[in-house]
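Report on the structure given below.
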Amino acid sequence: MKPAAFDYYRPRTRREAIEVLIEVGEDARIVAGGQSLMAVLNMRLSQPRALVDIAAIDELRYIERRDGYLAIGAATTQAELLEYDFLADDVPLLAESLPWVGHFQTRNRGTVCGSIAHADPSAELPLCLATLGGEVVLETRRGRTRRIAGGDFFQGILTTERRPDELITEVRFPLKQEHHIYRFQEVAMRHGDFAIVALAADIGEREIQFGVGGVADRPIVRCLSRDDDLAEALNVLAWSLDAQNDAHASAAYRRHLVREMGRRLLAGETTEEEAADVYPSR
Amino acid sequence: MNSQVSLHDEPRTYIGKRQSRVEDEALLRGLGRYADDLAIPPGTLHAAVVRSPHAHARITRLVVDEALKRPGVRGVLTGEDVKLWASPFPVGVRQSMEHWCLAVDKVRHVGEPVAVVIAEDRYLAEDALEAVEVDYELLTPVVDPEAAADDEAPTLHEDVASNVVNDRHFRYGEPDTAFETAQRTLSLKVRYPRNACTPIECYVVVGQYDPAEGGYDVMANFQGPYALHSVMSRALQVPANRLRLRTPPDSGGSFGIKQGAFPYVVMMALAARKVGAPVKWVEDRLEHLQAASSATNRVTTIEAAFDDQGQVSALRFDQLDDCGAYLRAPEPATTYRMHGNLTGAYAIRHLEVRNRIVLTNKTPTGLNRGFGGPQVYFALERLMQRIAVELEIDPLDVIRRNLVPSDAFPYRCAAGALLDSGDYQRGIELGIEQGGLDELLARRDAARREGRRYGIGYTVAVEPSISNMGYITMAQTPEERRRAGLKNGAVSTATVSVDPMGGVSVHVSSTPQGQGHRTVAAQVVADVLGVSLESIRVDVELDTGKDAWSIASGNYSSRFAGAVAGAVHKAALKIHSRLVSIATQQWKVSAEDILFSEGRVYTQDGAHSISFHRLAGATHWAPGTLPESETGGLRETAFWTPAELTAPDEDERINSSLCYGFIFDYCGVAIDALTGRVEIDRYVTLHDAGRMLNPQLVDGQVRGAFAQAVGAALYEAFHYGPDGSFFSGTLADYLIPTTMEVPDPRILHMETPSPFTPLGAKGVGEGNNMSTPVCIANAVADALGDTVEPGDIELPLTPSKVRTLMGIEEPPRPEGVGEDSTETTAGGGSTLAASDDVEIPASPQRVFDSILDPDTLQAMIPGCHSLELTGENAYRADVTVGVGMIRARFDARVELTDLDPPRSLRLSGAGRSGMGDAEGAARIHLTEIEGGHTRLDYDYEVTIGGKIASVGGRMLSSASKMLIGQIFSRLSHQMSGAKVKRSLWQRIKHRLIDRGGDA
Amino acid sequence: MYIRHDDRHQVTLTLNGSERSAHAESRTQLCDFLRHQLGVTGTHVGCEHGVCGACTVIVDGRATRSCLMLAVQAEGRRVETVESLGEMEGLDDLQRAFRDHHALQCGFCTAGILMSCHEFLRRIPDPSEGEVRDMLSGHLCRCTGYTGIVQAVLAVARRRQNHREEEQ
């Protein structure tokens with residue numbers, strides 16, 4: 001289980017990185033933390049001609065609170081974000097969901113932007129980005145940038161709006177809004193596994209942005225009104241996701257979780273597991 | 001001479017103590033020497049294995065020319081070479097079916113080795129894998145064991161009339177009468193899934209061939225049993241002394257699984273012969289999960305005859321064991337390992353058994369911790385729980401009523417097991433009291449009052465250890481056994497030597513896999529010879545060319561504490577008695593007066609004393625001063641086999657193991673109402689494994705087995721599609737529990753020494769693999785209550801499965817939302833079907849014609865580099881298929897058939913790539929709609945096999961939907977005159993560089 | 001930096017405090033480089049897809065899967081492996097606790113676990129059992145059932161905490 005051969009580029013600046021992308025284009029893969037890509041390369045499910053390693057680009061390593069959003073550079077790791085002192089104040093949904101992302105060891109190298117670029121439909125960070133209505137910032141030649149809303153960025157399974165000559169330079173998560181409540185809940189087979197169903201909610205005074213991961217081919221967000229019949233809205237949502245059976249969970253189970261876990265999440269009820277606190281066991 | 005010294009008389013400084021391990025320092029400092037850490041001979045080449053992406057196919061063509069041209073490739077071993085230099089492996093039943101180390105004509109499971117590429121390093125070897133061209137003619141796979149057993153099912157091995165390759169009936173006592181006269185009977189059909197204990201270290205083999213001697217020398221982390229050495233040497237067509245098999249000092253776990261390394265020992269030996277150089281192969285995780293080994297999945301129908309109090313008079317077992325594609329030695333041992341003790345811890349005198357072995361298109365099965373136990377107890381203990389439910393009495397009462405009485409030991413079971421020792425009643429009472437059952441019952445009551453689902457499960461089991469070599473012959477008829485020569489026993493081997501400076505060295509042929517044999521062997525010898533533990537060196541490497549070994553050598557059937565430590569004891573006693581005899585002659589004292597301790601040998605009265613190293617050293621330095629009976633030198637090898645392990649008798653009774661430990665387990669589980677997740681509230685496990693040689697290691701074995709059993713109960717299973725595709729190819733698919741999923745069990749002990757082993761110890765390593773899965777299942781059944789069909793309690797009890805059993809009441813699908821999903825159970829599948837439509841701004845006739853036009857067709861297919869006409873509406877295409885970062889280049893055939901212009905046609909394609917194979921067809925219907933436009937409806941079915949199915953299961957459905965959708969949206973773009981988007985890179989590529997479009 | 005796919009590149013890094021260098025291709029996994037080029041075989045390889053954790057080493061102070069990192073990516077970095085642990089030819093407190101709590105059997109996964117614990121305890125000196133289990137969930141051990149490992153880590157944390165308090 002060894003990767004096929006590839007040319008390796010390690011640019012020092014974003015400009016340099018983009019130039020390489022323009023030169024090598026579609027046959028290049030960008031690697032930052034490599035926590036998804038390296039496994040795929042080892043299995044030879046991908047045999048790119050070139051690897052463009054952006055992990056050493058210092059100018060892309062930052063967490064900055066700006067006007068209304070938290071900007072996270074493309075070389076910033078998940079661990080660095082989790083250790084950011086103001087995370088719970090700035091973007092509480094991230095503080096809730098980041099511990100669900102992989103493990104301590106993979107968060108040490110895995111980047112925030114990398115997870116979003118990979119667009120795994122079960123991953124937590126794309127779900128949060130879409131739910132909060134964040135943005136992805138892409139840059140191409142001569143400093144031209146595009147900003148794409150999180151909801152539009154994910155185009156399907158492992159597929160995004162990024163063009164081959166574009167580099168994701170940062171993602172932007174909107175800062176906590178006053179009087180909003182943020183909640184996250186996930187069911188996975190084991191701790192740290194890909195979600196069977198992950199739910200994220202940004203509960204405002206009138207509206208709820210409700211995101212579902214792990215079910216459709218991308219994170220799906222619906223705006224629910226607090227005046228709606230939530231049970232009915234969740235049922236419509238559950239059925240609209242084209243849930244699939246796989247080896248670990250049935251489609252009906254996934255729909256059940258969207259409806260029932262969704263209802264409890266919105267109502268702020270703890271699950272029985274949390275309430276019973278049966279772990280660590282006696 | 002005092003050779004009768006029993007350890008009870010010896011000072012016990014070490015035996016029975018919680019001694020920390022002599023192994024640990026090296027392992028903790030990264031100085032372990034595992035197979036992949038050892039130096040290899042200069043010029044060693046590296047192997048990668050070409051494997052079948054199909055479950056059942058005939059190999060019609062295999063060409064290696066292209067692979068041989070790849071950089072660094074030095075040779076490719078194929079079935080042709082294997083036929084020339086080797087033989088098929090001997091098989092345990094009389095059927096004409098062949099299993100070779102490489103496929104020679106057919107492949108019968110996904111991942112079956114087809115060829116071996118040998119290159120200068122592993123990276124280069126893998127580079128050349130996809131250059132080995134293999135054409136397959138697909139055959140109908142059989143996956144489900146019951147379907148495979150059907151007379152009409154396609155057969156895996158043409159020369160065998162049925163996939164049921166062995167079918168045996170046994171009758172003990174008078175089961176028919178018992179069933180006829182019983183107050184009640186109850187039957188239960190259960191299935192035990194495929195799983196494996198998956199060590200973290202995979203297989204490693206380094207093969208060498210010596211043409212001068214005509215022999216092979218192979219280093220492998222093979223774990224035994226060494227009965228398989230004869231299987232390997234026969235396959236290699238050499239006498240056993242021309243196959244030197246060596247094991248490394250350390251092993252990264254096995255749990256039975258590394259028995260399955262033996263076909264690779266033969267394969268890499270032949271690979272070395274092929275290239276004239278040593279060849280090393282390190283199995284990777286995908287190979288391991290897909291094709292190494294597995295527990296046998298079993299379908300059991302079990303039936304009990306019992307009275308109104310729950311006293312069971314008779315049992316019937318109908319066991320259908322799925323051994324996969326080949327009956328690989330020592331199978332069908334899984335079926336017979338438990339045979340003598342099929343009645344468990346119960347005194348049930350009447351027994352009827354039917355055992356069938358069926359082959360299916362799955363990985364061959366083999367040794368796996370618990371070996372037959374999890375399967376048997378899952379049926380037996382689920383049935384006992386059902387009897388209690390049926391009678392509305394406490395399950396513990398049913399258990400108590402049927403236990404083997406305390407005064408009946410040694411107890412001969414109906415099928416022949418001689419339960420060596422125990423006090424099961426006391427075990428139950430001890431477990432109840434010390435485990436806190438009352439508290440657990442109160443917790444259940446409290447939980448239920450709150451409306452929560454909480455259940456308690458119980459299991460009792462006997463844990464067999466030190467298997468009888470003769471049990472495997474139970475698959476044969478008595479007549480066949482007689483003709484083949486009766487087999488029995490379990491020879492274990494140990495050597496103790498003392499060097500000229502008095503240092504003690506011990507060698508055991510038990511090939512440990514992490515259990516701490518070096519520590520325990522040192523404990524035993526230290527006590528016998530009165531030297532310090534630290535002064536003893538224990539060597540556990542096994543070299544069949546130099547060391548003492550026998551067919552029962554190796555690491556299996558929990559034989560170390562009972563048998564191997566006994567052999568160590570025996571060898572140490574031989575040294576002891578020689579030294580005693582020297583001392584008695586020199587000091588003119590009697591043997592009873594001589595003591596060994598703290599590095600000295602002395603008389604009780606203090607009159608004589610000499611250091612151990614002086615006394616022992618004399619055998620080397622001054623043999624002339626010794627009694628005449630002394631030969632000089634000091635090295636003793638002991639072989640030990642217990643008399644109780646006799647061959648099967650005329651009535652087909654078999655004492656299948658020497659020792660039978662006792663286990664009493666119970667647990668409380670809570671089921672989350674929302675998620676269906678099973679949370680283990682408390683798990684209590686009581687063990688009587690005879691005398692504990694090192695309680696710390698005993699607890700370690702219990703905890704390890706328990707964790708694996710939690711995996712088997714709740715998480716782990718090898719998933720196969722209906723076409724035999726394999727879906728559990730990574731450790732993100734095959735779910736080994738982590739520290740978050742494994743609670744700490746409450747471990748209790750009692751000690752009833754075995755009268756049959758030298759130290760009174762029994763095996764303890766496998767018990768929880770046997771008892772825990774069913775105990776958890778019983779607790780889940782108790783929690784779910786009567787609403788659940790008993791046979792539906794199937795492992796692993798995943799949240800989705802449990803929640804489904806609780807009943808998911810779905811509100812109806814709102815009008816116009818989503819698609820109908822008829823399936824409600826998990827399972828997935830490699831065959832994916834769906835339908836969709838797309839509108840095209842052109843008339844049906846134009847659309848139809850366009851599809852038939854090669855240029856449009858090429859433009860429609862995403863990533864199509866070239867399209868070459870090979871027949872009428874048939875093409876060969878070079879296509880790069882990609883979803884996100886995952887990409888593969890397919891050599892594909894595309895065909896348009898069933899043409900009904902301008903209404904419908906069929907677009908089909910099949911392709912293969914290094915990543916796997918895909919085949920699919922879309923039925924296309926064209927309907928004219930408003931404005932002269934066309935609505936194109938399509939429904940498709942796609943089958944995906946090979947690596948991509950093994951590792952990408954959860955994404956296949958969405959990915960194929962997206963790719964198929966792209967074909968038709970590109971057609972729509974094409975027809976609307978809009979240019980099909982050519983990516984920026986494609987444009988740049990044509991302008992700047994072109995390296996052949998190697999995507 | 002640019003390395004052609006068929007070039008061999010001289011990779012220089014600080015391994016356990018000493019500068020070491022050897023050749024690697026662009027595609028060479030860090031775990032292979034450490035084991036087979038630099039000869040530190042204490043780091044083991046169990047899955048090559050980042051799940052089992054056996055190959056975990058510390059890179060620039062962070063526990064990292066060495067199967068998910070290329071040798072060339074370690075250029076110029078500080079890499080610590082299990083061979084760096086220990087005091088004066090003996091075991092350090094963490095290693096001793098592993099031995100005392102029977103936290104290993106076959107020992108194959110142990111090196112990676114030790115490296116994770118090493119970083120974790122530096123970062124979180126006073127962890128709860130839940131935190132320890134969460135950190136350890138990035139490692140698969142097939143032998144021990146984890147109990148001994150959890151106990152060992154908690155015991156070391158307590159002992160170090162006591163030490164710190166005594167010193168103050």
Side-chain angles (χ1 to χ4, degrees), chain A residues 1-2 4-5 22-23 25-27 29 37 40 43-47 49 118-119 121-122 156-159 163-165 187 189-194 196 217 235-236 239-253 255-257 260-261 264 271-273 276 278-282, chain B residues 122-123 126-127 284-286 452 670 672-675 677 679-682 715 719 727 733 735 737-738 740-741 743 798-800 803-804 808 810-811 813-814 817-819 821 823-828 883-887 914-915 951 953-955 957-959 962 983-985 988-989 998-999:
Chain A
M1 210 166 141
K2 308 294 177 192
I22 290 166
E23 186 190 323
E26 202 172 22
D27 283 359
R29 292 280 167 275
L37 179 63
V40 166
M43 294 186 222
R44 297 197 183 214
L45 298 181
S46 178
Q47 301 189 18
R49 198 164 66 82
H118 184 43
S122 293
I157 188 154
L158 309 185
T159 305
R163 298 178 192 139
D165 60 345
V187 171
M189 285 291 289
R190 296 172 303 185
H191 185 72
D193 275 339
F194 289 108
I196 290 172
D217 64 352
N235 187 43
V236 171
W239 282 102
S240 71
L241 298 171
D242 192 21
Q244 303 289 327
N245 293 316
D246 66 19
H248 300 301
S250 71
Y253 178 68
R255 287 193 295 269
H256 157 77
L257 287 178
E260 288 303 308
M261 192 161 79
R264 293 188 200 195
T271 66
E272 209 171 283
E273 272 170 46
V278 288
Y279 201 83
S281 83
R282 287 146 295 260
Chain B
R122 175 62 176 252
Y123 291 74
E126 289 192 22
D127 287 348
D284 70 34
R285 186 55 63 183
L286 300 190
R452 291 165 48 217
D672 184 80
L674 170 69
T675 62
R677 186 182 295 281
E679 291 285 348
I680 300 167
D681 184 28
R682 182 192 293 170
Y715 300 96
H719 294 284
F727 294 129
D733 302 289
L735 305 176
T738 76
M740 296 298 271
E741 286 80 40
T798 60
S800 176
R803 192 61 190 74
T804 304
I808 294 174
E810 287 222 80
R813 178 167 64 92
V817 178
E819 288 168 20
S821 171
E823 277 188 73
T824 53
T825 54
V883 172
M885 63 168 69
I886 296 169
R887 238 143 243 250
M915 200 161 88
V951 306
R954 86 193 153 90
M955 302 203 183
S957 167
S958 297
M962 180 159 96
S983 73
L984 178 71
W985 159 237
I988 296 169
K989 185 169 77 171
D998 191 10

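Proteins get letters first, then strands, A, B, ... in listed order; numbering begins at 1 in each. Only a predicted model underlies this, so the values are computations on that prediction, with no experimental measurement involved.
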In Å, rounded to the nearest 0.5 Å, how long is the span from CG of D242(A) to OG of S958(B)?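 With rounding to 0.5 Å, CG (D242(A)) is 7.5 Å from OG (S958(B)).
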Could you tell me which non-hydrogen atom of A249(A) sits nearest to which non-hydrogen atom of S800(B), and how far apart they are?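 Taking every non-hydrogen atom into account, CA-OG, 3.4 Å.
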Which heavy atom in M189(A) sits nearest to a heavy atom in P799(B), and how many Å separate them? SD-CD, 4.0 Å
Is there a side-chain contact between [X] and [Y] in this structure, where contact means two heavy atoms from C-beta onward sitting under 4.5 Å apart?
| X | Y | result |
| --- | --- | --- |
| R255(A) | E810(B) | yes |
| V187(A) | R677(B) | yes |
| I886(B) | M43(A) | no |
| D246(A) | M955(B) | no |

Heavy-atom distances under 4.5 Å only: say whether [X] touches chain B with side chain, backbone, both or neither.
| X | result |
| --- | --- |
| Q244(A) | side chain |
| R29(A) | side chain |
| I157(A) | both |
| V236(A) | both |

Contact leader toward chain A among [options], where contacts are heavy-atom pairs under 4.5 Å:
| options | answer |
| --- | --- |
| R803(B), M885(B), M915(B), R285(B) | M885(B) |
| L735(B), T738(B), I808(B) | L735(B) |
| E126(B), R122(B), M962(B) | E126(B) |
| P814(B), G914(B), A959(B) | P814(B) |

Salt-bridge criterion met for D27(A) and R887(B) (N-O under 4.0 Å):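 No.
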Residue among [options] with most heavy-atom pairs under 4.5 Å to chain B:
| options | answer |
| --- | --- |
| L241(A), L257(A), L37(A) | L37(A) |
| E260(A), H191(A), H118(A) | H191(A) |
| V40(A), D217(A), I196(A) | V40(A) |

T675(B)/Y253(A) under side-chain contact (heavy atoms from CB on, under 4.5 Å): CA gap, chis, key distance, verdict: CA-CA 9 Å; T675(B) 62; Y253(A) 178 68; 3.8 Å; yes
Determine whether a donor-acceptor pair (N or O, by modelled atom type, separation under 3.5 Å) exists between the side chain of H256(A) and the backbone of T804(B). no
Between V883(B) and chain A, which part of the residue has a heavy atom less than 4.5 Å away: side chain, backbone, both or neither? both
